[in-house]
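The first residue of the sequence shown is numbered 1, and numbering continues consecutively from there.
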Amino acid sequence: MGCRALVVVAALLAAGCQNAGAAYRPVPLVGAGFPPDAATARAQLAGLTVEWGRNWQTYEREEFGRYWSDETDGVGGRNGCDTRDDVLRRDLSELREGDRNPCVVVSGVLHDPYTGKELPYSYRRASQIQTDHVVALGAAWRAGAYAWTPGRRLEYANDLDVLLAVDKQTNQDKGSRTADKWRPPRQAYWCEYGRRYTGIKAKYRLSVTPPEKLALQELLGSCPP
């Protein structure tokens, strides 16, 4: 049965055609020790390669896969659920899952980390929620992902540690900007943003530019002592 036929089945549509019929398998939706605490993040930042980005002109979104994929060994992979639904299941409160398919997120509320807004979610309605790559795909490409295998890039694009459910407009404003060119409007989130961002860079051995490293030091400097 093709994806067109599946659109008549709302639950399967919400879960994503690419995973239709896959058996659900519970797996952790957060990597062990992620995000790192402030002290660990500072140590990780000190160990990152500092250099200017490369090959920016060759970046194409399709280099990281055309669609969400569950077929990776990243955090949340191979559990039978669409990556976006995994992010929603992890990040939303007041969560209601499908009765027959626990992958399907029927409704919930996002307390947006970037702005502090409360954003309702229902799969039957247009949503103001998007899935953000904290270190954007284009930024990762310039920092070393251009040299990865396609499989490694697919894993990165679908790794739940790299992803956050956030306000749609704020995510669009951020684009592929790095930490020296964009930070969350909500200052209370700067510490965790710096920890997540640095943790991703360290996990995937991505480089940082000199201004990016300085910005991350400032973000981590906002963490409580």
Side-chain angles (χ1 to χ4, degrees), residues 16 18 27-36 40-79 82-84 86-87 90-91 114 130-166 170-184 192-217 219-220:
Q18 68 269 34
V27 299
L29 300 183
V30 179
F34 193 89
T40 301
R42 291 189 188 99
Q44 290 176 338
L45 180 59
L48 296 179
T49 299
V50 180
E51 62 183 10
W52 295 103
R54 300 179 182 179
N55 296 306
W56 57 268
Q57 72 278 8
T58 63
Y59 168 70
E60 297 286 346
R61 171 61 180 85
E62 290 74 15
E63 295 284 357
F64 290 83
R66 295 186 63 189
Y67 306 106
W68 294 120
S69 175
D70 187 46
E71 298 303 311
T72 80
D73 293 322
V75 176
R78 306 189 191 282
N79 67 344
D82 181 271
T83 302
R84 182 173 182 271
D86 277 337
V87 173
R90 183 196 63 190
D91 292 352
Y114 288 170
Q130 281 190 344
T131 305
D132 178 40
H133 291 89
V134 175
V135 178
L137 301 183
W141 178 269
R142 299 189 298 270
Y146 63 84
W148 294 351
T149 64
R152 182 65 164 169
R153 289 194 289 265
L154 186 68
E155 177 180 325
Y156 181 88
N158 291 274
D159 186 336
L160 299 189
D161 284 348
V162 178
L163 301 169
L164 278 179
V166 301
T170 305
N171 185 42
Q172 292 175 350
D173 291 344
K174 176 194 172 193
S176 63
R177 293 178 177 88
T178 48
D180 54 307
K181 298 177 180 177
W182 186 92
R183 60 184 62 187
E192 182 164 342
Y193 186 73
R195 290 162 48 212
R196 285 183 175 275
Y197 195 109
T198 303
I200 293 165
K201 287 274 184 169
K203 179 176 182 178
Y204 283 89
R205 298 182 181 179
L206 295 169
S207 63
V208 290
T209 66
E212 190 178 15
K213 182 173 182 178
L214 179 60
L216 289 169
Q217 288 171 338
L219 289 167
L220 294 174

Contact summary for Ala143 and Lys201, nearest pair of heavy atoms: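 Answer, listing the atom of Ala143 first, then Lys201: CB-NZ, 3.6 Å.
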
Stepwise side chain to side chain contact (heavy atoms under 4.5 Å, CB included) check, Leu45 with Gln217: CA-CA 8 Å; Leu45 180 59; Gln217 288 171 338; 3.6 Å; yes

Arg78 CZ: over 12 foreign heavy atoms closer than 6.0 Å: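 Above 12, so yes.
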
Residue pair Asn79 / Asp70, side-chain heavy-atom distance below 4.5 Å: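 Touching, per the 4.5 Å side-chain cut-off.
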
Main-chain N/O of Val162 paired to His133 side chain as donor or acceptor, under 3.5 Å: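 Looks like no, no N/O pair under 3.5 Å.
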
Pair Ser69-Asn158, side-chain donor/acceptor within less than 3.5 Å: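 Side chains of Ser69 and Asn158: no pair found under 3.5 Å.
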
Side-chain touch Tyr156/Ile200, heavy atoms, less than 4.5 angstrom: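 Counting from C-beta outward, Tyr156 and Ile200 do come under 4.5 Å.
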
Salt bridge (Lys or Arg N to Asp or Glu O under 4.0 Å) partners of residues 58-67, not counting sequence neighbours, each pair once: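 Every pair satisfying salt bridge (Lys or Arg N to Asp or Glu O under 4.0 Å) with a residue in residues 58-67: Glu63-Arg153.
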
Sequence-distant partners of Tyr197, side chain to side chain donor-acceptor pair (under 3.5 Å), two or more places apart: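 With sequence neighbours excluded, Tyr197 shows a side chain to side chain donor-acceptor pair (under 3.5 Å) to Glu212, given in chain and number order.
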
Thr131 side chain reached by Trp68 side chain, heavy atoms, under 4.5 Å: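 Result yes, sub-4.5 Å side-chain heavy-atom pair found.
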
Heavy-atom pair of closest approach, residues Lys181 and Arg177: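 Nearest heavy atoms, Lys181 then Arg177: O-CD, 3.7 Å.
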
Partners meeting ring pair (Phe, Tyr, Trp, His ring centres under 6.0 Å) with Trp182 (sequence neighbours left out):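 Per chain and number, Trp182 pairs via ring pair (Phe, Tyr, Trp, His ring centres under 6.0 Å) with Tyr114, Tyr193.
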
Sidechain-backbone polar pair: Lys174 side chain, Val134 backbone, donor-acceptor under 3.5 Å: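 Side chain of Lys174 to backbone of Val134: a pair is present.
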
Closest contact, heavy atoms only, Asp86 versus Gly76: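 Answer, listing the atom of Asp86 first, then Gly76: OD2-O, 3.4 Å.
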
Any residue meeting side-chain contact (heavy atoms from CB on, under 4.5 Å) with Arg90, in chain and number order, not counting sequence neighbours: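 Partners of Arg90 by the side-chain contact (heavy atoms from CB on, under 4.5 Å) criterion, ordered by chain and then number, come out as Leu29, Val30, Val87, Leu160, Leu164.
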
Counterpart residues, side chain to side chain donor-acceptor pair (under 3.5 Å), relative to Asp91 (two or more places apart):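 None.
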
Results of side-chain contact (heavy atoms from CB on, under 4.5 Å) for Ala139 - residues two or more places apart only: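 Result, side-chain contact (heavy atoms from CB on, under 4.5 Å) vs Ala139: Val135, Ala136, Arg142, Thr178.
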
Trp52 vs Ser207 side-chain heavy atoms within contact, under 4.5 Å: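 They are not in side-chain contact.
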
Considering all heavy atoms, the nearest Leu220-Arg42 contact: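 It is O-NH2, 2.9 Å.
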
Non-hydrogen atoms of Asn55 and Thr58 that approach each other most closely: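 Result for this residue pair: O-OG1, 2.8 Å.
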
Aromatic ring pairing Phe64/Trp148, orientation class (parallel under 30°, perpendicular over 60°, tilted between):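 Perpendicular.
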
Heavy-atom closest contact (Leu219 atom, Ala179 atom, distance):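 Leu219 and Ala179 have their closest heavy atoms at CD1-CB, 4.2 Å.
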
